[in-house]
2 protein chains.
Amino acid sequence: SKLAALFEHPLYKVPIPEVTDGDKLFVVNPMEKFSLRSSGSDEWVSNSKAEMVLPTGKTAYDTYPSWLKFHVGINRYELYPRQDPLMPALLKDLATLKIVSSVQKSGGTQLKLIMTFPNYGQALFKPMKQTRDQETPVDFFYFSDFERHNAEIAAFHLDRILDFRRIPPVSGRLVNITQEIRDITTDKKLAKTFFISPAGNVCFYGECSYYCSTEHALCGKPDQLEGSMAALLPDKSLAKRRSWRSPWRRSYHKSKKAEWELNPNYCAQVKETPPYNSGHRLLDLIDMTVLDFLMGNMDRHHYETFEKFGNDTFLLHLDNGRGFGTHSHDEMSILAPLQQCCRIKKSTYLRLRLLATEPYRLSDVLREALASDRL
Amino acid sequence: SKLAALFEHPLYKVPIPEVTDGDKLFVVNPMEKFSLRSSGSDEWVSNSKAEMVLPTGKTAYDTYPSWLKFHVGINRYELYPRQDPLMPALLKDLATLKIVSSVQKSGGTQLKLIMTFPNYGQALFKPMKQTRDQETPVDFFYFSDFERHNAEIAAFHLDRILDFRRIPPVSGRLVNITQEIRDITTDKKLAKTFFISPAGNVCFYGECSYYCSTEHALCGKPDQLEGSMAALLPDKSLAKRRSWRSPWRRSYHKSKKAEWELNPNYCAQVKETPPYNSGHRLLDLIDMTVLDFLMGNMDRHHYETFEKFGNDTFLLHLDNGRGFGTHSHDEMSILAPLQQCCRIKKSTYLRLRLLATEPYRLSDVLREALASDRL
């Protein structure tokens with residue numbers, strides 16, 4: 001396969017920095033039963049979920065469920081290894097494990113659910129809101145575009161192909177909204193919004209600030225609804241995160257422009273402002289720009305990092321539902337950071353060049369990667 | 001043309017009752033300058049609009065603008081005559097007269113505008129909200145369906161073909177939303193909702209209870225937007241109307257059913273209830289049922305009559321924007337009044353039979369009528 005060949009290519013076999021305990025998000029104590037230590041502190045943080053899920057008497061890492069292995073593997077440089085033997089199991093779990101609980105996730109503008117598996121793993125479910133191939137209307141602003149479940153899936157694969165590994169794993173999944181949401185939810189507000197449509201389909205709309213009304217209900221056929229299931233990152237109480245406002249954030253206003261849209265020398269001031277004035281943060285941000293350009297995502301107002309790693313760490317590329325909205329328009333303004341700062345990591349540049357060559361054409365490789373998804 | 005031949009058919013040449021002064025909505029006093037007398041009272045009601053619009057010194061009916069002739073022609077039996085020499089001019093005026101004012105019409109759930117012409121005529125503008133051929137999604141309820149401007153146009157022609165003449169004339173029109181709405185409106189709330197879309201088109205969304213938000217903005221190309229222009233009926237201060245709740249109204253609730261949906265003998269009680277227990281009101285309602293079935297309109301919760309004519313008059317078929325929503329589904333439940341009461345006017349029955357014959361096939365005749373529209 002092209003994807004396997006790509007990962008074997010010399011450009012992709014560049015060694016990754018050695019990961020010491022200090023570079024890990026969690027250090028596993030082999031003496032304790034399934035507890036995780038936040039390696040930044042001296043205290044042992046007991047992960048009650050982990051304790052409850054694993055068979056008694058075993059302590060070995062390989063008895064961990066895949067979600068916990070994923071959490072334990074997160075380090076300063078990446079969310080998961082380049083050739084991760086765990087990935088197929090993790091993606092399969094997201095797509096197939098029994099769902100024992102579904103509740104709305106607060107925050108954000110559009111409806112999403114937190115789903116829990118019997119092994120205490122959790123996933124963020126984003127339902128299909130429009131047909132898969134529907135494009136963003138030309139008169140829509142980036143901030144009122146629908147979120148696309150298939151964009152979340154494709155973004156994960158694109159990020160992985162770009163050798164970034166900064167997006168948590170995502171699987172497509174066909175969910176039975178009666179049995180896997182309505183019948184098991186403890187979220188009364190959510191439960192109240194279920195109804196049967198005139199066509200006899202089961203529908204719900206939830207509570208949120210955008211598009212949560214009968215007119216925008218999500219309907220199964222008759223109760224099967226596809227969506228994306230993203231592996232949740234470790235709970236914020238175990239691994240604090242820091243949210244950063246992107247310097248190239250758009251105005252989120254119908255007529256106002258952001259400073260970077262008016263000032264072609266905008267990068268000069270960003271380069272002097274911490275954290276962009278030292279280390280590789282600016283280059284990391286330009287990596288994110290490349291990812292967002294390739295998926296046409298104009299909605300990257302913030303990004304996050306794990307607080308533990310300070311400023312010297314990768315940027316999390318969360319929330320990609322507004323990517324992949326247009327089939328044949330490249331939104332050049334997304335590249336503003338690259339264009340205005342005129343710099344890019346050499347490794348990223350070389351990889352992009354490789355992905356432009358016939359044997360590894362990005363669209364072919366991405367298509368191949370997506371073919372492995374369960375939807 | 002099939003339409004002209006149809007109107008010459010013996011079934012359509014049935015004479016209409018003689019209209020006396022008492023059957024007219026207004027009686028024109030040839031001595032007065034352009035004032036209208038509400039013929040039910042002894043007082044002369046001065047129509048200030050009419051006074052202002054007409055050249056001084058003339059009193060003859062044929063100096064009236066077409067909208068005023070339309071108002072004057074309304075009688076107990078119909079809104080306009082079967083073969084109305086005025087109709088082409090009236091429809092042309094709606095489609096072409098300069099628009100001197102545009103304001104939102106309050107009431108109702110979706111955005112509509114009242115537009116005024118230099119001759120003081122007025123029209124109700126309903127903008128295009130979705131592409132012309134978009135169908136009602138199967139999971140939508142009748143009460144959250146978008147209103148279709150093209151349904152308003154087609155409903156007028158269908159009603160006319162059925163020989164009912166109970167829908168005010170409607171023309172399609174391409175409106176320049178910058179010059180003909182934004183620049184001339186005195187409605188500040190409306191003006192505030194204008195913006196330029198990312199594609200550079202002029203958009204607005206107005207204020208209303210459904211679909212009035214950025215996500216549902218109405219956008220021109222770049223500022224041309226099509227819509228329907230319906231001739232307004234005489235102001236309610238001149239010609240009071242009465243609103244009647246349809247006995248076969250739906251529940252307007254996602255899961256509740258109306259009584260008529262549960263009780264097959266529902267008609268028995270309607271037949272005993274005024275005004276359906278005398279005269280031809282029930283048959284008139286069944287005429288409306290036929291019209292609504294043919295256009296697939298499930299949203300006929302009320303109908304109106306002119307108060308002056310008491311119970312012995314035709315039913316106004318206003319607000320048809322939710323018709324014509326499905327290409328290939330006949331909603332049989334709309335026919336419930338016909339089915340449950342099992343009666344229909346002989347003239348309607350014979351006309352329907354005629355419209356099912358090859359030379360006058362309804363869809364051909366309607367297509368021909370619609371071809372004359374300016375959109």
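Within every chain, numbering begins at 1; the chains are lettered A, B, ... in the order of the sequence lines, protein sequences first and strands thereafter. Side chains are part of it too, since the values below use all heavy atoms of this structure and drop only hydrogens, waters and symmetry mates.
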Requested in this report: Select one option (side chain, backbone, both, neither) describing which atoms of Phe141(B) are under 4.5 Å from chain A's heavy atoms.
Outcome: both
Query - Per-residue contact mode, Phe140(A) against chain B (heavy atom under 4.5 angstrom) - result: both
Report summary line: Output for pair (Lys254(B) NZ, Ile196(A) CD1), nearest 0.5 Å, gives 11.5 Å
Query raised in the report: Does any heavy atom of chain B fall under 4.5 Å from the side chain of His216(A), the backbone, both, or neither of them?
Result: side chain
Query - Residue among Ser255(A), Ser213(A), Cys219(A) with most heavy-atom pairs under 4.5 Å to chain B - result: Cys219(A)
Query - chain B contacts, top residue of Pro137(A), Pro198(A), Ser197(A) (heavy-atom pairs, under 4.5 Å) - result: Pro198(A)
Requested in this report: Check whether Phe146(A) gets within reach of chain B through its side chain, its backbone, both or neither, counting any heavy atom under 4.5 Å.
Outcome: neither
Query raised in the report: Looking at Asn201(B), Asp139(B), Thr214(B), which has the largest count of heavy-atom pairs under 4.5 Å with chain A?
Result: Asp139(B)
